[in-house]
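Notes to accompany the following structure.
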Amino acid sequence: MPELPEVETVRAGLAKYVTGKRIVQAADFHPRAVKPSSIAPLNSIVGSKIKSVNRRGKFLWLTLDQPVAIVAHLGMSGQLLVQPKSAPVHKHLRASFLLSGKTVSKRQNEIRFVDQRTFGWVSIEEYLGDVPTSVSHIATDPFEPEFDLAKVVKRLRSRKSAIKPALLNQEIVSGIGNIYADEALWRAKIHPEIVCEDLSNAEVTRLIKCATEVMKEAISAGGTSFDEQYKNVNGESGYFERSLAVYGQEGEPCPRCGTEIRRIAFANRSSHFCQRCQR
Ligand SMILES: [Zn+2]
């Protein structure tokens, strides 16, 4: 599932190709492609110019020259590709936006939303403050200037749940999913099942810093394509999975101490950790 580094890689790729372009056609091809809460059909934004491409956590949106945004969430397997309109149509194409503009290359003139598992969506939304409505309940992510580390640490420490699900709660800190949560917990030497209240201020602060650091490294590597679903806008995989210490490494030696990495099922997800380093 794409997490912050993958979505940021897609955002940066889109920004490069689509900023300043005008949308001349828009269409959807699957009943679940457009979120039911979308205030208008996709073709209502035809004629709009794309001013910028923005992200909070795992949400992406195109800021237009009108007071609505095109919001996209990649779900489990969503891809936003920038391709020629003449390129063969993908079997799982869910929506497309044809672009025009003086500088549009024929090689990159269509945004294509491809999603095999259909948990992803696009929608047309109004703004609530600075962000589209569906993003307004999402907490800031560690890369935003407004991110308040001390406040997030305080909120996490007040939880009665285990630290792992708290770290995945997008209303406390956004962008972190299963992969980067496991990696951050390993880096910070914290067991995924420790109750938040039992962690010190210093430990939780270190954990958020580790999460930020591992996601920053993953962005530099173009993200993690662990399940081969995630691709950047050019259809290429990221290569951060080579650097994963614990996620998907069950049975492999811990890179720090050599103890076998364990996997435990937890809250419908699996956690990967080193039982020696993470007590
Ligand atoms: Zn270890």
Side-chain angles (χ1 to χ4, degrees), residues 1-15 17-18 26-38 42 53-62 70-83 87-97 108 110-123 125 132 134-135 138 141 168-170 174-183 214-215 218-219 221-244 247-250 263 265 267-272:
M1 181 194 265
E3 302 179 31
L4 188 153
E6 293 73 43
V7 180
E8 172 56 24
T9 305
V10 171
R11 187 208 63 78
L14 281 176
Y17 294 119
V18 312
D28 55 284
F29 309 104
H30 188 279
R32 284 200 297 277
V34 178
K35 202 181 185 195
S37 59
S38 180
L42 295 189
V53 188
N54 309 279
R55 182 189 56 73
R56 167 169 288 177
K58 306 174 198 172
F59 287 74
L60 271 175
W61 67 95
L62 304 180
I70 303 172
V71 185
H73 194 286
L74 302 177
M76 301 287 283
S77 59
Q79 301 172 1
L80 280 163
L81 306 170
V82 183
Q83 292 186 331
V89 170
H90 195 283
K91 179 165 74 162
H92 302 298
L93 180 68
R94 306 303 184 205
S96 66
F97 300 90
Q108 277 109 11
E110 192 164 65
I111 303 172
R112 293 177 165 184
F113 177 54
V114 169
D115 188 10
Q116 186 182 337
R117 300 184 63 184
T118 67
F119 288 105
W121 47 262
V122 291
S123 70
E125 298 181 18
S134 66
V135 186
I138 300 297
D141 68 56
L168 299 177
N169 184 331
Q170 304 295 302
S174 69
I176 305 170
N178 216 26
I179 298 176
Y180 299 106
D182 282 1
E183 293 298 311
V214 70
M215 291 194 292
I219 292 168
T224 300
S225 298
F226 196 79
D227 56 6
E228 289 306 314
Q229 290 286 357
Y230 160 72
K231 304 281 184 205
N232 70 14
V233 297
N234 300 311
E236 299 153 348
S237 296
Y239 49 90
F240 192 70
E241 62 267 33
R242 292 179 204 164
S243 308
L244 296 173
Y247 185 83
Q249 310 301 310
E250 188 185 5
R263 175 177 170 273
N268 290 331
R269 291 172 189 269
S270 52
S271 288
H272 308 78

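Remember, predicted model here, so these are calculated numbers, not experimental data.
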Open item on the list: Holding to side chain to side chain donor-acceptor pair (under 3.5 Å), I want the full list of residues that pass it with R55, two or more places apart in sequence or in another chain.
Closed with: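 Partners of R55 under the side chain to side chain donor-acceptor pair (under 3.5 Å) test: E8, D141.
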Going by heavy atoms in the side chains, are [X] and [Y] under 4.5 Å from each other?
{"X": "L4", "Y": "Y180", "result": "no"}
{"X": "R263", "Y": "S271", "result": "no"}
{"X": "Q229", "Y": "Q116", "result": "yes"}
{"X": "I111", "Y": "Y17", "result": "no"}
{"X": "S96", "Y": "F29", "result": "yes"}
{"X": "L93", "Y": "V114", "result": "yes"}

Over all heavy atoms of both residues, which pair between [X] and [Y] is shortest? Give the atoms and the distance, please.
{"X": "I219", "Y": "P5", "value": "CG1-CA, 3.6 Å"}
{"X": "F226", "Y": "E241", "value": "CD1-CB, 4.3 Å"}
{"X": "Y230", "Y": "T224", "value": "CD2-O, 3.5 Å"}
{"X": "L168", "Y": "A181", "value": "CD2-CB, 3.8 Å"}
{"X": "A27", "Y": "L42", "value": "O-CD1, 3.9 Å"}
{"X": "A26", "Y": "F97", "value": "CB-CD2, 3.7 Å"}

Keeping the roles fixed (side chain from [X], backbone from [Y]), state whether a donor-acceptor pair exists under 3.5 Å.
{"X": "R94", "Y": "D115", "value": "yes"}
{"X": "N232", "Y": "N234", "value": "yes"}
{"X": "Q79", "Y": "G235", "value": "no"}
{"X": "Q170", "Y": "G57", "value": "no"}
{"X": "E110", "Y": "V82", "value": "no"}
{"X": "S225", "Y": "G238", "value": "yes"}
{"X": "D182", "Y": "H272", "value": "yes"}
{"X": "E3", "Y": "I179", "value": "yes"}

When rounded to the nearest 0.5 angstrom, what is the spacing between [atom1] in [X] and [atom2] in [Y]?
{"X": "N178", "Y": "R269", "atom1": "CG", "atom2": "CZ", "answer": "5.0 Å"}
{"X": "E236", "Y": "L81", "atom1": "CD", "atom2": "CG", "answer": "10.5 Å"}
{"X": "R117", "Y": "M1", "atom1": "CZ", "atom2": "CE", "answer": "8.5 Å"}
{"X": "I176", "Y": "M215", "atom1": "CD1", "atom2": "CE", "answer": "4.5 Å"}

Open item on the list: Just checking Y239: does its OH atom have more than 12 heavy atoms from other residues, nucleotides or ligands closer to it than 6.0 angstrom?
Closed with: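 At most 12 heavy atoms, drawn from other residues, nucleotides or ligands, come within 6.0 Å of this atom.
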Open item on the list: Please evaluate residues L74 and E6 with respect to the criterion side-chain contact (heavy atoms from CB on, under 4.5 Å), reporting the C-alpha separation (whole Å), side-chain torsions for both, the decisive distance (0.1 Å), and the verdict.
Closed with: CA-CA 10 Å; L74 302 177; E6 293 73 43; 5.9 Å; no
Task: Audit row: V34, V122, side-chain contact (heavy atoms from CB on, under 4.5 Å) steps and yes/no - done: CA-CA 5 Å; V34 178; V122 291; 4.3 Å; yes
Open item on the list: Quick one, L80 with L14, criterion side-chain contact (heavy atoms from CB on, under 4.5 Å). Give me CA distance, side-chain angles, the key distance, then yes/no.
Closed with: CA-CA 8 Å; L80 280 163; L14 281 176; 4.0 Å; yes
Open item on the list: One pair to check against side-chain contact (heavy atoms from CB on, under 4.5 Å): L62 and V53. What are the steps and the verdict?
Closed with: CA-CA 5 Å; L62 304 180; V53 188; 3.7 Å; yes
- [ ] Classify the angle between the aromatic ring planes of W121 and H73 as parallel (below 30°), tilted (30 to 60°) or perpendicular (above 60°).
- [x] parallel
